[in-house]
Amino acid sequence: MEILLYFLLFISSILVIKFLVPKRYKNLPPGPPSLPLIGHLHLFKKPLHRTLAKLSDKYGHVLYLQFGARPVLVVSSPSAVEDCLAKNDIIFANRPHLLMGKILGHDYTTLLWAPYGPNWRNLRKISSIELLSANRLQSYSDIRHAEVKSMVQRLSGQGCDYRTVEMKTMIFELTLNVMMTMIAGKRYFGGQVEELEQAKRFQEIVQVTLSISGASNIGDFLPILSWIGVKGIEKKVWNLKEKRDKFLQELIEEHRISRSGGMQTKEKNATLIDVLLSLQQTEPEYYTDEMILGIIWVLLAAGTDTSAVTMEWAMSLLLNNPQVIKKAQAEIDNNLEQGRLINESDVNKLPYLHSIINETLRLYPAGPLLVPHESSEECIVGGYNVPSGTMLLVNVWAIQQDPNIWVEPTKFKPERFDGFEGTRDGFKLMPFGSGRRGCPGEGLAMRVVGLALGALIQCFDWERVGEEMVDMSEGPGLTLPKVHPLKAKSGTDTSADTMEWAMALLLNNPQVLKKAQVEIDVKLKQGVLMDESDVNKLPYLQSIISETLRMYPPGPVLIPHESSEECIVAGHTVPRGTTLLVNLWAIQNDPNLWVDPRKFIPERVDGLEGTRDGFKLMPFGSGRRGCPGEGLAMRVVGLTLGALIQCFDWERVGEEMVDTSEGPGLTLHKLQPLEAKCRPRSVALKFISQF
Ligand code: HEM
């Protein structure tokens with residue numbers, strides 16, 4: 001079998017060299033030596049923009065590479081970009097045929113993937129005039145304001161102390177909600193989600209899309225691998241397409257039904273699907289469902305992650321540069337009336353905020369290599385001949401950090417944009433691309449990013465989670481994601497640690513969660529959110545908390561005591577002035593005292609009143625220096641945990657059990673912050689919707 005495979009590879013490499021590798025051109029741009037068959041694929045290291053920047057430094061800013069069977073031109077100087085995207089704009093206004101475009105782009109017919117020609121021109125016209133025009137965007141400004149307000153409310157609901165916030169998730173959900181409300185009038189994340197099943201399906205589609213977007217498909221460069229049956233990520237992408245198309249088709253159907261039922265939407269409230277369906281009525285042959293579906297997906301795919309990663313980078317840069325946050329807060333406070341949340345029209349009066357966004361887009365452009373273009377004819381770039389059918393990568397990242405163009409290019413200095421308007425400076429700053437295939441969503445992106453970032457700066461003080469600077473490493477993927485999702489501090493306490501442990505244990509023991517839900521449903525009044533006095537009626541919930549405190553006492557070694565006199569302990573003499581460390585954790589997990597001590601079995605403390613069992617269970621310590629906050633902690637944990645169990649169904653994020661490794665420090669906290677999936681329970685929907 002192996003011999004056959006090598007034979008096929010050999011034969012196919014000869015075929016590729018003969019038929020696919022372009023005939024020798026004279027005056028091609030320079031490039032490093034290449035290997036047979038794979039060309040320069042062995043140099044393909046992520047992040048690709050950094051690898052290509054190093055190669056360009058060595059071989060020149062017009063660089064010619066061979067990714068397997070595909071010739072590639074990499075440009076990384078303003079004049080070379082001008083040659084491609086201004087002088088030869090039409091020639092380079094095509095996209096290469098890659099697997100994603102074939103499957104997710106409906107055989108290269110959608111706006112993102114279509115070749116330059118009448119179909120692309122028409123799609124572009126529709127998006128500019130009908131979907132993303134200034135008027136249309138203005139008509140959706142309330143949607144964006146409401147989403148940003150809801151994010152601020154959720155963050156403020158966490159109290160006045162600093163708390164750690166999962167910034168990445170929060171920002172990503174905000175942009176998805178904004179886009180889906182504009183497109184279909186639906187929000188799928190956060191509070192007030194109405195169609196839970198639909199929301200869950202959508203969330204799954206988004207997750208798979210994100211996991212696929214960072215993967216490269218080797219078959220795009222070595223087609224022979226596809227021919228001999230090496231499919232790579234192809235199957236995953238087909239599955240995604242099937243689920244995505246079914247989901248979007250149902251959304252279109254829903255809108256069609258409500259329109260035909262006489263619920264014609266007023267122009268102001270029309271969603272983008274409504275706009276496209278009314279165009280379908282006038283020209284059904286062109287505006288097919290498949291075409292509408294393609295447009296919606298491109299807007300979602302191109303518009304969500306790009307804006308979200310830009311905000312995440314901006315917040316990371318701000319956390320590492322607190323003086324910039326202070327200056328931006330002062331600008332907002334001086335320009336807006338006190339007590340009012342920033343709105344989109346305010347953003348225009350805030351040049352420093354605008355400079356922060358430009359400086360973020362300069363350092364971390366969401367498309368560091370733009371989207372690949374392809375030449376439809378032979379042309380000249382930087383004095384070199386470039387064959388037809390060459391894939392073009394514009395290394396915007398390298399240009400925007402070039403020390404010959406920018407002073408101290410790696411430093412975050414929004415002031416460098418003082419007095420600068422817009423987001424484009426010739427060909428040296430162009431985070432949204434340039435020319436015919438430049439980004440049509442720039443207006444929307446700048447509104448969403450400006451408003452959301454402005455609100456986060458206006459409404460909150462921010463701090464890093466630890467002493468260290470926020471890690472700024474870049475991950476793989478198309479939209480320059482951060483390797484480490486951003487968290488920021490907005491307090492920490494033992495009650496929070498206990499709740500996190502309890503939730504982790506419940507996720508790993510779903511039968512306990514079910515039993516606790518049944519107890520709450522049976523003992524409490526239906527349709528009413530539990531309150532503190534209910535906790536006393538719920539012995540199983542209390543057992544869960546006691547068992548959590550047994551396995552993971554917040555103070556695993558009690559706060560040190562000291563003997564003021566000589567005394568006898570277990571028959572031994574202990575001198576005066578001895579520090580006493582009580583290893584509570586060891587006692588509470590001692591196999592001589594507890595059966596299967598590392599197993600989470602709340603039933604073992606059935607019938608126990610309070611949280612104390614002699615000296616074998618005493619999470620709050622004992623005696624004169626025992627914890628005076630026990631009562632408060634039990635109320636907070638009991639009520640919060642109870643409400644979480646009452647209101648939501650919980651699931652682990654993946655198949656694996658939740659990692660319960662313990663972190664360093666005096667309080668026993670989880671090493672890995674807990675992540676979980678939840679959805680509101682039907683019994684609780686009514687009161688959740690009133691929050
Ligand atoms: C900060 C946010 C964003 C950034 C940095 C960004 C950047 C880009 C870049 C660099 C390109 C490729 C240009 C080229 O190939 O020459 C692009 C294309 C595109 N963008 Fe954006 N984008 C953002 C947000 C959006 C939004 C909100 C939408 C729409 C809802 C959108 C829709 C598109 C589409 C449809 C294309 C493909 C255009 C075509 O091929 O004709 N983008 N964007």
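Since the structure is predicted, the reported quantities are computational estimates derived from the model, not experimental observations. Atoms within each ligand, like the ligands themselves, are counted from 1 in listed order.
- If you check which protein heavy atom lies closest to atom 7 (C) of ligand 1, you get P431 O, 3.5 Å.
- For ligand 1, the atoms lying closer than 4.0 Å to a non-hydrogen atom of W120 are 39 (C), 41 (O).
- A cation-pi arrangement, defined by a distance under 6.0 Å to the six-membered ring centre and an angle within 45 degrees of its axis, is absent between R362 and Y364.
- In terms of protein heavy-atom proximity, atom 12 (C) of ligand 1 is nearest to V371 CG2, 3.5 Å.
- A side-chain donor from one of Y352 and E415 sits under 3.5 Å from a side-chain acceptor of the other.
- Atom 37 (C) of ligand 1 has its closest protein heavy atom at L112 CD1, 3.4 Å.
- Of the listed residues (R256, E254, H255), just one forms a side-chain contact (heavy atoms from CB on, under 4.5 Å) with I252, and that residue is R256.
- If you check the side chains of T271 and D274, you find a donor sitting under 3.5 Å from an acceptor.
- Put simply, CG on L336 and NZ on K349 are 5.5 Å apart, with the number rounded to the nearest 0.5 Å.
- Among protein heavy atoms, the minimum distance from atom 40 (O) of ligand 1 is reached at R95 NH2, 2.7 Å.
- Shown in contact with M179 at under 4.0 Å from a heavy atom are these atoms of ligand 1, numbered in order with element: 30 (C).
- By the criterion of a heavy-atom distance under 4.0 Å, the side chain of H373, and not its backbone, is placed next to ligand 1.
- When ring centroids are compared, F417 and H354 stay outside the 6.0 Å threshold.
- For atom 13 (C) of ligand 1, the nearest protein heavy atom (residue, atom name, distance) is R437 O, 3.3 Å.
- The protein heavy atom nearest to atom 1 (C) of ligand 1 is T310 OG1, 3.4 Å.
- The distance criterion of under 3.5 Å between nitrogen or oxygen atoms is not met by S434 with respect to ligand 1.
- Atom NZ of K243 has 12 or fewer heavy atoms from other residues, nucleotides or ligands within 6.0 Å.
- Between atom CD1 of residue I292 and atom CD1 of residue I183 there is a gap of 12.5 Å, rounded to the nearest 0.5 Å.
- Near V298, the atoms of ligand 1 lying under 4.0 angstrom from a non-hydrogen atom of the residue are 35 (C).
- Neighbouring protein atoms of atom 21 (Fe) of ligand 1 (N, O or S, distance under 2.8 Å, waters ignored): C439 SG.
- Taking CD1 of I90 as the reference point, atom CD of E377 lies at 9.5 Å (rounded to 0.5 Å).
- In terms of protein heavy-atom proximity, atom 38 (C) of ligand 1 is closest to R124 NH1, 3.4 Å.
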| Test side chain to side chain contact (heavy atoms under 4.5 Å, CB included) applied to V75 and F427, step by step | CA-CA 11 Å; V75 292; F427 292 94; over 6 Å; no
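- A side-chain donor from one of N119 and Y286 sits under 3.5 Å from a side-chain acceptor of the other.
- Side-chain atoms of D107 and T109 include no donor-acceptor pair closer than 3.5 Å.
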